[in-house]
Structure formats: C-alpha cells, structure tokens
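We number each residue from 1, following the sequence as shown.
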Amino acid sequence: MAGRRLNGDQVPSWLCVLLLTETVSGAGSRGLSAGAHVSPEFPASGGKEIPAVDCRDVCTLNVSDRCSFVRTNPNCRSDGGYLDYLDGVFCHFPPGLLPLAVTLYAVWLLYLFLILGVTAAKFFCPNLSAISTSLKLSHNVAGVTFLAFGNGAPDIFSALVAFSDPRTAGLALGALFGAGVLVTTVVAGGIAILRSFTAASRPFLRDIVFYMVAVFLTFTALYLGRVTLAWALGYLGFYVFYVVTVVLCTWIYQWQRRKSLVCSMPGTPEVLSDSEEDQVSSNTNSYDYGDEYRPLLLCPESTAEILVQALNPLDYRKWRSKSAYWRVLKVFKIPVEFALLLTVPVVDPDKDDGNWKRPLNCLHLVTSPLFCVLTLQSGVYGVYLIGGLLPIWAVVVIAGTALAAVTFFATSNSEPPRLHWLFAFLGFLTSALWINAAVTEVVNILRSLGVIFRLSNTVLGLTLLAWGNSIGDAFSDLTLARQGYPRMAFSACFGGIIFNILVGVGLGCLLQILRGHAEVKLESDGLLVWVLASALGLSLVFSLVAVPLQCFHLSKVYGICLLLFYFNFLVVALLTEFGVIHLKSV
C-alpha cells in the first residue's frame, strides 16, 4: 500500500479529517498519547504515515465512517478489559439506537459499581482484617495501612488502571481530586448537619495538614507535567511518614493517659476506654436471637449440606424482615455474591472456626487460582500455551485439584486446619483481582462515554467515577453520624482519603516507571484540572480556618457552607468543561 496513489473517490471522509488535522495542528490534537504508535491498518498517502487523532472527533464524521475510524485509530483502542465499548456502540448498534446503547452502558456501569461495593465490603476488607490479625498488627497500624487500603480499594485500583494509559491519566486525577472534594465537603457537611458535635482537635489538624501537603505535591506534579521515579517514591515515602506520625501520636496519647491514671487518687474508679465501653455495652445489651432457631438436638451436617449452605447468598429470615427496596437490591446482588462466594475465600478471626467451610475452601483451591489467571491482564496469560500444548489455565486446574484433594482428606468439617489463615491471603489476592477487573471495565466505559459526549476524562473522573467510588464511604460515614458517632465519621473523611491520593498517584506512577517508562506524563485537560485542584485546596483551607474558629464545635451552619461550596464548585467545573469559562489567549 505504501506509495500507492489513492483516487479521490477512494478516500473516505474520516481520512480527510485526519489529513486536515495533521495540516492544521502539526504534531496532533488534544488527547494524543505520548508515544502513540501508528496503526498499520491506516491507509497510506504518498508513503507518509497518518497520525492518530483525538478519538472524540468520531462524532464529527459521517455515520458510515465512524466504525472504521474507531477500529483503525490507535487512540480509540482499549489496552485492557474484556469488552470494546466504542466498537460496540459505533459498529454493532444502528445510529438510531445510540440512546439505547448509552442507556445500557449506564446500567452496566451502575452494576459494576455494585460489584465493587459488594467485593470491597464483604470479601476484600474482611480478609484484610484477618491478615492484620494474623500478623498481630496494632489497630493504628492496621487502620492506616490494611484497612485504609480496603476502604479505598476502588479509588486505588481506579488510579492504577487509569495511570496505565496516558490517555486516561486525567481520569485518575479527576477521580482522586473529585472524591477528595466530595468527601471533605458533601460528606463532612452532611455529618455536621445530621448531628452537631465537637471534633477531635489534634487528629483533625494532623490529617488536614498532611492532606494539604499531598494536594500541594500533586498540584506541583501537574504544573511540571510529569512524575519521575524520585517523585513517585516521594509520594509513598510521605505516606510512610504519615503512618509513623499516626503511630507516634497514638503512643504519646496513650502514655499520657496511663500517666494521668497513675497520678489519680486511689479511690477513683477506673475510666474505661472507648473500645472497652463499646465491648461492655455490646456484651450487656446484645442478645443472640439466632439461638432461637437452633435445633434442640444437634446433628452434624453432611459435606454436601455444608457446601450448599456456604454457597447460598440469601438469608431467608432476613429476607422476610427487610423492606421491598432491600429485596430488590438483593436480587441484583445475588448473582455477584454467588460468584464471589464460589471464587473468594473469607477468613473471619472473630468466629470460633474462622469461617472454615471444608468443602468450599477445598473448592476455592481450584476456583481462586483459576479466576486469577483468567483475569490477570484480561486473561492474556491464562490462555498462553506452555510448550505450545497445554494452556496455563489447565495447569492451574490440575495443580489446584491435586492440592484440594490433599486438603480435603487431611482435614475435617468440624475443626479448621492450622494453616487456615493462609486462605486470607488467597482471598485478598482474588478479591483484589475482582476489583481490578471491575475497575478496568468502569474506566473503559467512562472513556467511551467521554468519546460519545465529547467530555474530558477529568470531568468524568470528578463526577461519575468519584461519585461511584465514594458512595460507599458516604453512606457508611453518614450512618455512623446518625447512630451517634459523628466524631469518628468526621475523622474518617480526612484520614482515609490521604491514603487514596498518596498511594494512588505514587503507586500508579511507580508501576508505570518500572514497566520501562522514564517518567509518567500528566497531560492536563486545560483549565478544568486547575479548577479541580484549586477547589480541593480551598475546601481544605476553609475547614482548617473555620473549624478552629468554632473551637472545633461543628454546627449545621458549617455543614451548609460546605454543601454550598461543592455546589458552586460543580457549576464552575461544568461551565469550564463546556467552554463558558475559559482563559483568554494573549
């Protein structure tokens, strides 16, 4: 094809657009990823290769040319995931059914967020808690490391997936900054509106100062336009410094508390800590209603009955007592929960048997590794043939079956084995890959919606991705405040997102650098990303000034001000995205 002359009637309209774009913009247009290669499927003109342009230009072409455009433009391809959403909407749906395709994508996006929530809450976090218990970590270290990773898993995996492609790096920054603005304004303001309280002064000041430094580091990286190896390691090192600071502050506080108790008068009754009070209240006020449903004559369950009961995601007693809304949501959760129960083991150290289910755990030794190899790099490694004969997934099934058989005959149904705690690590890895697979599809859908509606990755990150990843934290924090724990919920607003931004940006860029990139390019979407970063900084400065001025007593007025701040920020961000607010060129 090189050197072959094309007649005028043989040149499609999308090729004319590409040639025109090359003539006008020279090196390419907005959205061209660094180092983007040229597809060999592109026609050649006079021996000159035609560069790829912004995929969002597809909507400016004729309907008949859109399919070939998205299939041959490198910037329209998805490097990961199982489904090609752009190919589906432009090649498999008729043009008149575009609204239907977008609706289906939106429903699938909501279901993916449901998968993320169920996986993180019921499988990822419990296994992380079991790992921290097995490693005998203190509550403070576990809270700012393993449990913070569990609570921020969707944000972290979204950042890792988005940073893996220069075209979607803006999606990661938009999601991390957008979630930060959402949590520190809407969630924190909602807590103050629900219940007035006095915030813990020292933890609040410590967390907000660290968070402001993290935002400043990201703001500087955006200004420089790149993240180097030293910069990525600096992110992770700063988070380690934050963990050490939390541990030291807690140790100093406990030491002062013990000293004050020793110096108190002998007849003074001992003051219980918060955790001890919770334990006493739970022991005195709780009642195990499950005892009423236990049979009078206990008989051991068979292996088949244990397996069926362990794979059943529905509690019939709870089903009868819950509302219709809960039942509808549960119907959508059942397929996801069943698949997770089948592939992800969960270790619960609070139970006497550690949640040991002998037949199911033996089955996990086959299904969990099989799921891992079929989801790693979207299944590319799983179908690789060893010696050109046997695929890797078959080897994993054979090895897992042998290990499951040994475990089954060496253990019993009633007593967990000594190495049962190792299943927590297997469950952690499998649930992490579940989250990674769902997040990959979320990022691809959002990028496709951005192409269809000609929206930047940053605005998609600060809206849809940030809302979807933060809705679980929002509900949990607001529920804590409603139940009478507003201080705990307010502290979680500022403490948890520090992990997200430092580890999300640091680890995401570090993995890309280790894959052979000298540095990670941060191509900002114009003025919008600066509006986003500035809004997050201003919200933190507002809280840093307003909370001490109120003597750390937060009222409804403070909460309403935060909600108004987020509403104004959202309006400014959308006006900036659609070009109403812009910088005048000099």
Side-chain angles (χ1 to χ4, degrees), residues 1-98 100-102 104-105 161-162 164-171 377-380 383 440-441 443-457 460 517 521 523 525:
M1 289 287 292
R4 178 181 174 183
R5 188 181 301 271
L6 293 174
N7 298 326
D9 55 353
Q10 292 178 317
V11 181
S13 59
W14 59 264
L15 180 54
C16 297
V17 173
L18 292 177
L19 292 172
L20 180 61
T21 306
E22 170 65 10
T23 303
V24 174
S25 60
S29 63
R30 184 184 66 163
L32 179 61
S33 59
H37 62 280
V38 179
S39 172
E41 298 176 356
F42 271 89
S45 178
K48 181 180 179 181
E49 290 182 328
I50 297 184
V53 297
D54 193 348
C55 190
R56 283 169 286 191
D57 291 336
V58 65
C59 294
T60 63
L61 306 178
N62 295 330
V63 173
S64 59
D65 298 327
R66 294 178 181 179
C67 180
S68 58
F69 180 87
V70 298
R71 286 183 173 178
T72 52
N73 189 352
N75 280 340
C76 294
R77 295 176 183 170
S78 300
D79 295 333
Y82 294 93
L83 301 176
D84 192 339
Y85 298 98
L86 286 176
D87 184 83
V89 72
F90 290 114
C91 298
H92 299 284
F93 277 89
L97 295 181
L98 181 61
L100 176 61
V102 173
L104 293 177
Y105 284 3
V161 173
S164 64
D165 190 342
R167 297 168 296 180
T168 56
L171 196 64
Q377 291 294 324
S378 302
V380 174
V383 297
T440 302
E441 300 301 318
V443 171
N444 289 338
I445 290 179
L446 291 179
R447 179 170 173 266
S448 301
L449 293 177
V451 170
I452 296 172
F453 295 107
R454 297 185 63 82
L455 298 174
S456 66
N457 288 325
L460 289 172
H517 298 81
K521 296 289 185 181
E523 300 179 2
D525 288 318

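- In this structure, CG on Asn444 lies 12.0 Å from OH on Tyr82, to the nearest 0.5 angstrom.
- Interatomic distance, CD1 of Ile445 versus CG of Leu86, reported as 11.0 Å (0.5 Å rounding).
- Of all heavy-atom pairs spanning Val89 and Tyr105, the tightest one is N-OH, 3.5 Å.
- A search for side chain to side chain contact (heavy atoms under 4.5 Å, CB included) contacts involving Val63 returns Arg66, Pro95, not counting sequence neighbours.
- Scanning all heavy atoms of the two residues, the minimum distance from Cys76 to Val70 falls at CB-O, 3.4 Å.
- Scanning for side-chain hydrogen bond (donor to acceptor under 3.5 Å, both in side chains) contacts around Tyr85 gives Trp108, Glu441, with sequence neighbours left out.
- Annotation: side chain to side chain donor-acceptor pair (under 3.5 Å) contacts involving residues 87-97, sequence neighbours excluded, comprise Arg71-Asp87, Asp87-His92.
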